[in-house]
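Each remark here refers to the structure printed beneath this line.
Computed from a predicted model, the values in this text were never measured in an experiment. Just so you know, ligand 1 is whichever comes first in the structure, and atom 1 is the first atom listed for that ligand.
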Amino acid sequence: MKIMVAIKRVVDYAVKIRVKPDKSGVETQNVKMSMNPFCEIALEEALRIKESGMASEVVAVSMGPAQCVDTLRTGLAMGADRGIHVEATGALFPLSVAKLLRALVEVEKPGLLILGKQAIDDDCNQTGQMIAGLLNWPQGTFASKVVLDKEKHEVMVDREIDGGLETLCLDLPAVITTDLRLNQPRYATLPNIMKAKSKVIKKFTPQDLNVEIKSDMEVVQVTEPPKRKAGVIVSSVDELVDKLKNEAHVI
Ligand code: AMP
């Protein structure tokens, strides 16, 4: 069985986000970019399934500008067997990504498609649900545990839901989106980084896949959160109680 993993190139989680002066989006020029953390978890899970002998190949897919190849190389260094880059410039909203993924699924025919639960740049949390809908495959979103049963051709998924866990049994092929506690992604070792240089990354354009990139959605503006007012240091508990009672009116 083949596993396809969607990995997105995003602004590194440790970078302090700056909004562009024209408020059209966040600044990505001269900013460190990395693999979306939830996608690292998705890839790690796919690699563990392969290492347990339940899958034969892990294919990493990324859509976006030419630099996505760097993200794919990181995925190949972690252990993915092959990469696919769909080169697309301009904004890619989740529905377009889902349509591109559907076209790739038709080419690659994976038994399992694993995505991050959300990309930390746009926080959409939509692509996994959309691709499951487009393919009419069952979906296990926010997965914190994944157990594959190759014989029965199904996968058990624990989902993190408000106040607990939900366990689903999905027939394969299926879509899984990964939550934070599913696993701890590995670091790429130097020998694997070297090996990754010779692994294959196939390139497609949206036209090759017969997908028209258009959107009926437009980002109107992106703004920073309002600045917090400076705090005050109080000299005693009595003063604190007085302020909470008479200024903040919370007690
Ligand atoms: P989102 O719905 O945008 O929050 O993204 C959820 C997940 O969809 C990500 O964690 C990725 O697994 C996948 N995804 C979204 N956009 C892309 C992209 N441009 N390339 C590859 N995977 C993507």
Numbered atoms and elements of ligand 1 in range of Leu115, under 4.0 angstrom, heavy atoms:
8 (O), 12 (O), 13 (C)
Under a 4.0 angstrom heavy-atom cut-off, which atoms of ligand 1 come close to Asn125?
1 (P), 2 (O), 4 (O)
Judging by distance only, is a nitrogen or oxygen of Pro94 under 3.5 angstrom from one on ligand 1?
no
Does ligand 1 come near enough to Lys117 that some N or O of the ligand is less than 3.5 Å from an N or O of the residue?
no
Starting from atom 16 (N) of ligand 1, locate the nearest protein heavy atom and write down its residue, its atom name and how far away it is, to 0.1 Å.
Lys8 CD, 3.3 Å
I need the nearest protein heavy-atom contact for atom 14 (N) of ligand 1: residue, atom name and distance, please.
Val97 CG1, 4.1 Å
Which atoms form the tightest heavy-atom contact between Pro65 and His85, and what is the distance?
O-NE2, 3.1 Å
For Ala6 and ligand 1, does the shortest N/O to N/O distance drop below 3.5 Å?
yes
Against heavy atoms of Ile7, which atoms of ligand 1 measure under 4.0 Å?
20 (N), 21 (C), 22 (N)
Within the 3.5 Å criterion, strictly below it, is a donor on Asp122 or Gln118 matched to an acceptor on the partner's side chain?
no
Can you tell me if Ser144 and Asp179 form a side-chain donor-acceptor pair at under 3.5 Å?
no
Any donor-acceptor pair under 3.5 Å from Lys243 side chain to Leu240 backbone:
no
Ligand 1 to Ala119, heavy atom cutoff 4.0 Å, flagged ligand atoms 1 (P), 3 (O), 4 (O), 5 (O), 6 (C)
Taking only heavy atoms of Val61 into account, list the atoms of ligand 1 that are under 4.0 Å away from them.
21 (C)
With a cut-off of 4.0 Å, which atoms of ligand 1 are near a heavy atom of Gln126?
2 (O)
Is Lys20 salt-bridged to Glu27, going by a charged N under 4.0 Å from an acidic O?
no
Within the 4.0 Å heavy-atom shell around Asp122, which atoms of ligand 1 are there?
3 (O), 4 (O)
Does ligand 1 have any atom sitting under 4.0 Å from a heavy atom of Cys39?
yes
For the pair Glu44 (side chain) and Arg186 (backbone), establish whether a donor and an acceptor sit closer than 3.5 Å, ignoring hydrogens and angles.
yes
I'd like to know if Lys8 and Asp121 make a salt bridge, using a cut-off of under 4.0 Å between side-chain N and carboxylate O.
yes
Atom 7 (C) of ligand 1: closest protein heavy atom, distance to 0.1 Å, is Gly116 O, 3.3 Å
Verify whether one side chain among Ser24 and Asp22 offers a donor that lies under 3.5 Å from an acceptor in the other.
yes
Any carboxylate oxygen within less than 4.0 angstrom of a Lys/Arg side-chain nitrogen, looking at Asp171 and Lys152?
no
Would you say the side chain of Ile49 lies within less than 4.5 Å of the side chain of Leu112, judging by non-hydrogen atoms?
yes
Between Thr141 and Arg159, does any side-chain donor sit less than 3.5 Å from a side-chain acceptor?
yes
Counting only nitrogen or oxygen atoms and a 3.5 angstrom limit, does Met63 reach ligand 1?
yes
I'd like the name of whichever of Thr127, Thr71, Leu43 reaches closest to atom 2 (O) of ligand 1 through any heavy atom.
Thr127
Taking only heavy atoms of Cys124 into account, list the atoms of ligand 1 that are under 4.0 Å away from them.
1 (P), 2 (O), 3 (O), 4 (O)
